[in-house]
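Please read the structure below before turning to the comments.
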Amino acid sequence: LLIAGVATSGGLVIAIAAPDGLAAATRAGAAVPTGRSEVNVWVEIRADESVLIRLPKVDMGQGTVTSLAHLLVEELQCAWSGVSTELPTPGESLARGRPWGSYQTHGCRGLRGAQDAVRRAGAAARIMLLQAAAESWRVPVAECHSADGVITHVATSRTTTYGRMAGAASRLSP
C-alpha cells in the first residue's frame, strides 16, 4: 500500500501531532546560568532586565517570530527594546517533554498554531513575577501592577523590576 501510494503520489508525508505546549507553557524549566532566570520554558529574564523568548517557529520573511514575540511581550508587559528570541532545538524540546509542541511554520500555521500558547506563557510569567514581588513586600498581589518590566505596589509606590524578581518567580508554582 505504501509503495503504491508513493508511486502514484510522488511522495509520502507522515504527520505526528505533538502536544500543543499549553500545559507546559507555565512549567518552570531547567537551571540556567547565573544572572539569568527561566520563569517558564518560553521566558527567561536576565539580571540586566533583558528578556529571552523561546519560540519553536522559523521565520523566512513572513514575520512569524516577530509577531509571536510581540504577542508574548504584550502579555508579559515588558519593554520591547530588551527582547531577543531563540529557537529551541528539537533535542532540547524532546529532553524537556516537548513543551513547545509542533515546530511547523508552513502557511499561516506558525502564528495561528502558537499564538495561544505564547500568550498564555507571557501572561503566566507576568503573574508569577507579580506574585513574587507581592510576597517579598508581604502585600496582596491584587495591589500590584506591571508595565514595561516594572512592578509597582500601588498603595506604597514601591517598585521593583522583572530582572530582580525573576529568580523568585522561577521558584513559584504556576
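- Between atom CZ of residue Arg54 and atom CG of residue Leu68 there is a gap of 15.5 Å, rounded to the nearest 0.5 Å.
- The shortest non-hydrogen separation linking Gln115 to Arg112 is CG-O, 3.8 Å.
- With rounding to the nearest 0.5 Å, the separation of CZ in Arg164 from OG1 in Thr159 is 6.5 Å.
- Between the side chains of Glu38 and Ser170, no donor-acceptor pair is found at a separation under 3.5 Å.
- Contact check for Asp116 versus Arg120: side-chain heavy atoms found under the 4.5 Å cut-off.
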Please assess Ile53 against Val118 for the test side-chain contact (heavy atoms from CB on, under 4.5 Å), listing each intermediate value before the final yes or no. CA-CA 9 Å; Ile53 300 172; Val118 165; 5.9 Å; no
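- Between the side chain of Arg138 and the backbone N or O of Ala134 there is no donor-acceptor pair closer than 3.5 Å.
- Both Leu55 and Val58 belong to a common hydrophobic cluster when Ile, Leu, Val, Met, Phe, Trp and Tyr are linked at side-chain heavy-atom distances under 4.5 angstrom.
- In this structure, Thr152 OG1 and His145 NE2 are separated by 4.5 Å, a value rounded to the nearest 0.5 Å.
- Under the side-chain contact (heavy atoms from CB on, under 4.5 Å) rule, Val65 has a single partner from Leu111, Asp59, Leu87, which is Asp59.
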If you apply the rule side-chain contact (heavy atoms from CB on, under 4.5 Å), what do you find for Leu76 with Leu129, and how did you get there? CA-CA 9 Å; Leu76 183 58; Leu129 289 158; 4.0 Å; yes
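- Rounding to the nearest 0.5 Å gives a distance of 10.5 Å between CZ of Arg126 and CD1 of Ile151.
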Chi angles and distances behind the side-chain contact (heavy atoms from CB on, under 4.5 Å) call for Glu92, Trp100: CA-CA 10 Å; Glu92 180 182 4; Trp100 296 285; 3.8 Å; yes
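- Val139 and Val150 are not part of a single hydrophobic cluster, where members link through side-chain heavy atoms under 4.5 Å apart.
- Note that CG of Leu130 is 11.0 Å distant from CG of Leu172, once rounded to the nearest 0.5 Å.
- Between the side chain of Ser50 and the backbone N or O of Arg46, no donor-acceptor pair lies under 3.5 Å.
- Partners of Thr156 under the side chain to side chain donor-acceptor pair (under 3.5 Å) rule, at least two apart in sequence or in another chain, are His153, Arg158.
- Residues Ala133 and Ser136 approach most closely at O-OG, 2.8 Å, considering heavy atoms.
- Hydrophobic clustering keeps Ile127 apart from Val41 (ILVMFWY residues linked when any side-chain heavy atoms are closer than 4.5 Å, directly or through intermediates).
- Between Thr89 and Tyr103, the shortest heavy-atom distance links the atoms O-OH, 3.3 Å.
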Residues Leu72, Arg119; criterion side-chain contact (heavy atoms from CB on, under 4.5 Å); working and verdict: CA-CA 5 Å; Leu72 195 142; Arg119 284 185 178 275; over 6 Å; no
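- For the ring-ring contact (aromatic ring centres under 6.0 Å, His included) test, residues two or more places apart in sequence or in another chain that qualify with His70 are Trp80.
- The backbone N or O of Gly149 sits nowhere less than 3.5 Å from a side-chain atom of Ser146 that would complete a donor-acceptor pair.
- Considering every non-hydrogen atom in both Val39 and Ala169, the closest pair reads CG1-CB, 4.4 Å.
- To the nearest 0.5 angstrom, Ile45 atom CD1 is 11.0 Å from Met165 atom CE.
- Remark: side-chain polar atoms of Lys57 are paired, donor with acceptor, to backbone N or O of Ser102 under 3.5 angstrom.
- Without hydrogens or angle criteria, Tyr162 side chain to Ala47 main chain gives no donor-acceptor distance under 3.5 Å.
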